[in-house]
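When a ligand or atom number is given, it counts from 1 through the structure's own listing order.
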Amino acid sequence: VSIGSGHPRIRSAIVVLSAAALAAVGAVAVRTPTADAATGDSLGVAAEKAGLFFGVAASPGRLSSIVGREFSQLTPENDMKPDTIAGSGGSVQNTGNADTLVNYAQSNNMIVRGHTMVWYSQAGSLQGTGQSTLNTFIKNALLKWGNKIAYWDVVNESLDDNNTGKRRNQWPHTLDKDSNNDGDYFDDADTDYIRDSFKQARQVVQSNGLKTKLCINDYDIEGLTVKGGAKNNKSEAMYQIVKKYSQEPYKYIDCVGFQSHFNDNPNSIITDDLEANIRRFAELGVEVHLTELDIDDDLSNNDIGSGQAANYRKVVRSCLNVPKCTGITVWGISDSESWRSSERGLLFSGGNGNYTKKAAYTAVLEELKKGRSTTSPSPTSPSPTTPSPTSPSPTTPSPTMETGCRVAYTDNTWNNGFTAAVTITNTSSNTIDSWSLTWSWPGDQKVTNAWNATVTQSGNQVTARNGGHNKTIEVGGTASFGFQGSHGGDNPTPGGFALNGSPCTVS
Ligand code: XIL
């Protein structure tokens, strides 16, 4: 057993391990804990506890210590784009900057999102090529970093602007053919570069036993509606693509990225149905990520009013409330270093490694610390034309609601294994006389053996049933159990704990 260089969550755990405990696990490479030493706080730590990653876009010149301290995921802002790394014929070259970022992420136990393979912009030598060259590039890019990349944006920005619900028409869309002119590219006889690019990526992942998840990414797909309440046709078009290619017989797409560059553009505002839209994608079985989050600090024309911190809170809450929303990435550290510096859309001010937390930072941290929603959402999404008037106001986020149970989950993770300790507290007013605790793994974790409970797993759903001696939990009392498990290199904290079918608070 070796505890690797600290993931934010693990680093914070190391702080409280005694010297004896460290000695007990053998040779330990302990990193200096870099989350706030006094509180253990960081966005990455708080997100991990809620079962998601919180990441940042970066370049090698921006790798100040704040990156490894605050964030648990990293996206190269530009250094993995084809205009940097694609050589002739789909080869991969000039990866020095990308390697620097991947190595930094690895030594800070951050996961990496590869960004991006097939895109009309920053396409470099891929520009204008055919599917076979794209396929060569897809293969080379996937194999270059293998499992060091947890998520790859295989296809970026395939859909048109202005809420047309259509695909773009410049390359690579020029590869598409609608054989029967029915307006889609989903027929067997059609040519669809989205399908064919994902098909290739899936084939490479499968035949090389990779765990890398394959994502499609776009902007202005965040809400069910756009400004004024009209249907978001771009989001609907993305939904149809993800629905088609994430299901049988394709099973190509694992995840969808909502870029989440929120601003005053009528199609780029924060709508009250963001959460419902995240949920409908999640219900397809894919992970949803907010991949490039920034929020204009002046949303005076926005449907929901101004207030950047409140807007951040609302967006982060919308993700937290959907268990399959498994990560949020902000598109840079500080306003002045952002691609849209005039919008002042990020969590820090300052620059050059000298950063100051904004109110938006505090709002995000607070929201992450509240964790996932403990109430079951209504399964019906609001109709696109009638956004629900009862959605929570961004200024009054739902606090972590007290439920009949509270779960404390701690784990000790090494390369591909972990142990976990779980304590259930009965916070109801009745004695519990037998129990089963359920949860779902956000990753590929598997329980291998357990103590003080019988634990079974089906897919990513886990059920732990009481043992004989800890069957009864008095009011205010606790029951504990533990288990050992395996994971494929990433061990995000589970969410969605429920005791005898009722959701529990997680502390
Ligand atoms: C942007 C970068 O932030 C800029 O530095 C670069 O000049 C242009 O690209 N959608 C995407 C990102 O998918 O790759 C873009 O990043 C922002 C919009």
**Student:** Do the two ring centres, one from Tyr245 and one from Tyr250, sit under 6.0 Å apart?
**Tutor:** yes
**Student:** Could you list the donor-acceptor pairs under 3.5 angstrom formed between side-chain atoms of residues 84-92 and any protein atom two or more places apart in sequence or on another chain?
**Tutor:**
{"residue": "Ser91", "atom": "OG", "partner": "Ser88", "partner atom": "N", "Å": "3.4"}
{"residue": "Ser91", "atom": "OG", "partner": "Ser88", "partner atom": "O", "Å": "2.9"}

**Student:** List for me each residue that meets side chain to side chain donor-acceptor pair (under 3.5 Å) alongside Asn181, sequence neighbours excluded, and say none if there are none.
**Tutor:** none
**Student:** Which protein N or O atoms sit under 3.5 Å from any N or O of ligand 1? Give atom names and distances.
**Tutor:**
{"residue": "ligand 1", "atom": "3 (O)", "partner": "Glu77", "partner atom": "OE2", "Å": "2.4"}
{"residue": "ligand 1", "atom": "3 (O)", "partner": "Trp331", "partner atom": "NE1", "Å": "2.9"}
{"residue": "ligand 1", "atom": "5 (O)", "partner": "Glu77", "partner atom": "OE2", "Å": "3.3"}
{"residue": "ligand 1", "atom": "5 (O)", "partner": "Asn78", "partner atom": "ND2", "Å": "2.9"}
{"residue": "ligand 1", "atom": "9 (O)", "partner": "Lys81", "partner atom": "NZ", "Å": "3.1"}
{"residue": "ligand 1", "atom": "9 (O)", "partner": "Gln122", "partner atom": "OE1", "Å": "3.2"}
{"residue": "ligand 1", "atom": "10 (N)", "partner": "Glu157", "partner atom": "OE2", "Å": "3.0"}
{"residue": "ligand 1", "atom": "10 (N)", "partner": "Gln259", "partner atom": "OE1", "Å": "3.2"}
{"residue": "ligand 1", "atom": "10 (N)", "partner": "Glu292", "partner atom": "OE1", "Å": "2.9"}
{"residue": "ligand 1", "atom": "13 (O)", "partner": "His115", "partner atom": "NE2", "Å": "3.2"}
{"residue": "ligand 1", "atom": "13 (O)", "partner": "Asn156", "partner atom": "ND2", "Å": "3.0"}
{"residue": "ligand 1", "atom": "13 (O)", "partner": "Gln259", "partner atom": "NE2", "Å": "3.3"}
{"residue": "ligand 1", "atom": "13 (O)", "partner": "Glu292", "partner atom": "OE1", "Å": "3.4"}
{"residue": "ligand 1", "atom": "13 (O)", "partner": "Glu292", "partner atom": "OE2", "Å": "2.8"}
{"residue": "ligand 1", "atom": "14 (O)", "partner": "Lys81", "partner atom": "NZ", "Å": "2.7"}
{"residue": "ligand 1", "atom": "14 (O)", "partner": "His115", "partner atom": "NE2", "Å": "2.7"}
{"residue": "ligand 1", "atom": "16 (O)", "partner": "Lys81", "partner atom": "NZ", "Å": "3.2"}
{"residue": "ligand 1", "atom": "16 (O)", "partner": "Trp331", "partner atom": "NE1", "Å": "3.4"}

**Student:** First locate atom CG of Asp218, then atom CE of Met238, and finally report the distance between them rounded to the nearest 0.5 Å.
**Tutor:** 4.5 Å
**Student:** Can you check whether Tyr193 and His173 have ring centres sitting under 6.0 Å from each other?
**Tutor:** yes
**Student:** Which pairs with one or both residues in residues 133-142 pass side chain to side chain donor-acceptor pair (under 3.5 Å), sequence neighbours excluded?
**Tutor:** Gln131-Asn135
